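Structure first, then comments.
Being a predicted model, the structure only gives us computed values, none of them experimental.
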Amino acid sequence: DRLNSSECIFVPGMEKFVHYAREATEFHKKCSGDLEEGERVLINTCPGYDDMLEQDEDRAWSWGKLKEMERDFFCAGFCGTGEVPLWSFSGRKTEPCNLMIGMKLRAYTKTTGTQIFSFGCAVMLVFWMWSVLFWDQVKAPSRIPASAAAAPDDWFNVQQ
């Protein structure tokens with residue numbers, strides 16, 4: 001829920017990711033600053049892009065994840081307002097990726113919770129059926145005589 005709110009920046013573990021997302025936006029603005037209106041350039045074609053990735057392993061991972069999210073979820077940016085995608089040629093603003101990730105996590109949690117609940121109900125139903133059908137057999141006294149000398153044919157003719 002916090003990924004879908006204004007507190008997205010404060011979600012534990014997201015500080016670095018948000019930092020690198022903002023850094024990518026700033027890097028792209030510097031690269032495309034002198035372009036005319038309507039022209040676009042992808043961030044990976046900017047001079048120094050590969051050098052930026054080589055300088056920091058966390059930056060390379062974060063920018064790779066942002067690129068994947070743009071491709072898979074058709075979103076741009078993270079924890080902010082909608083932005084123009086940096087790694088694809090969609091020239092319009094889209095939703096920030098934190099909303100898409102939050103929706104995916106919510107759907108995954110809902111599906112997993114439903115599966116766990118269904119399994120628990122199935123186990124309870126099987127136990128209930130077993131107890132209804134076989135409880136008399138479980139609580140009944142033993143039909144095998146205590147003396148080992150009795151013949152097996154006499155086991156079922158026990159008089160009480």
Side-chain angles (χ1 to χ4, degrees), residues 1-140:
D1 286 338
R2 290 178 66 193
L3 276 176
N4 290 336
S5 70
S6 60
E7 296 180 6
C8 175
I9 299 170
F10 304 112
V11 173
M14 287 288 127
E15 301 90 12
K16 274 188 168 183
F17 195 72
V18 171
H19 167 74
Y20 287 122
R22 288 183 178 162
E23 189 179 67
T25 303
E26 291 301 317
F27 180 75
H28 184 258
K29 282 180 184 175
K30 288 179 186 174
C31 176
S32 63
D34 57 347
L35 293 177
E36 293 182 23
E37 186 67 32
E39 288 185 332
R40 287 213 6 95
V41 63
L42 297 181
I43 190 171
N44 53 343
T45 61
C46 290
Y49 177 80
D50 293 327
D51 295 334
M52 292 286 285
L53 294 180
E54 290 174 4
Q55 288 174 3
D56 190 353
E57 189 175 311
D58 288 337
R59 178 185 297 129
W61 182 86
S62 297
W63 286 14
K65 284 297 173 187
L66 286 167
K67 181 179 179 180
E68 287 177 27
M69 285 189 278
E70 276 189 17
R71 181 189 67 221
D72 296 342
F73 300 124
F74 305 105
C75 59
F78 203 83
C79 290
T81 59
E83 297 179 12
V84 176
L86 304 177
W87 283 273
S88 63
F89 273 118
S90 172
R92 57 185 170 78
K93 287 189 174 190
T94 59
E95 295 291 326
C97 292
N98 57 300
L99 298 177
M100 306 308 163
I101 299 300
M103 290 188 324
K104 184 162 180 70
L105 288 173
R106 185 175 291 122
Y108 175 77
T109 304
K110 189 181 230 180
T111 302
T112 305
T114 302
Q115 290 172 348
I116 291 170
F117 178 75
S118 299
F119 178 76
C121 288
V123 168
M124 292 298 290
L125 180 65
V126 168
F127 176 74
W128 177 77
M129 290 175 61
W130 175 83
S131 67
V132 167
L133 295 174
F134 298 110
W135 188 247
D136 291 337
Q137 303 298 327
V138 172
K139 70 178 183 172

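Taking each heavy atom of Thr94 and Cys75 in turn, the nearest pair found is OG1-C, 3.3 Å. Closest non-hydrogen pair, Val41 versus Cys31, comes out as CG1-SG, 4.1 Å.
Tested against Met129 for a side chain to side chain contact (heavy atoms under 4.5 Å, CB included), the candidates Val126, Val132, Leu125 yield a single pass: Leu125.
Proximity of a side-chain donor or acceptor of Glu70 to a complementary backbone N or O of Ala76 within less than 3.5 Å is not detected. Within the 3.5 Å criterion, the main-chain N or O of Thr109 finds no donor-acceptor partner in the side chain of Thr112. Under a 3.5 Å cut-off, the side chain of Asn98 and the backbone N or O of Cys79 do form a donor-acceptor pair. At least one donor-acceptor pair under 3.5 Å links the side chain of Trp63 to the backbone N or O of Tyr20. Under a 3.5 Å cut-off, the side chain of Arg59 and the backbone N or O of Glu54 do not form any donor-acceptor pair.
With rounding to the nearest 0.5 angstrom, the CD atom of Glu95 is 14.0 Å from the CZ atom of Phe73. Rounded to the nearest 0.5 angstrom, Cys97 SG and Asp72 CG are separated by 9.5 Å. In this structure, the separation between OG on Ser62 and CG on Leu53 is 10.5 Å, given to the nearest 0.5 Å. Here CZ of Arg106 is found 12.5 Å from CD1 of Ile101. Values are rounded to the nearest 0.5 Å. Of the inter-residue distances, the one linking Met52 atom CE with Gln55 atom CD reads 6.0 Å to the nearest 0.5 angstrom. Separating the CH2 atom in Trp87 from the CE atom in Met69 is a distance of 9.0 Å, to the nearest 0.5 Å.
Relative orientation of the Phe27 and Tyr49 rings is tilted, given thresholds of 30° and 60° on the angle between their planes.
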Discussion item. For Asp58 and Phe17: C-alpha separation, side-chain torsions, deciding distance, then whether side-chain contact (heavy atoms from CB on, under 4.5 Å) applies.
Written reply: CA-CA 8 Å; Asp58 288 337; Phe17 195 72; over 6 Å; no

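Contact check for Leu86 versus Thr25: side-chain heavy atoms found under the 4.5 Å cut-off. Side-chain contact between Leu42 and His28: absent, with no pair of heavy atoms (C-beta onward) separated by less than 4.5 Å.
In the displayed structure, Glu57 atom CD is contacted under 6.0 Å by at most 12 heavy atoms of other residues, nucleotides or ligands.
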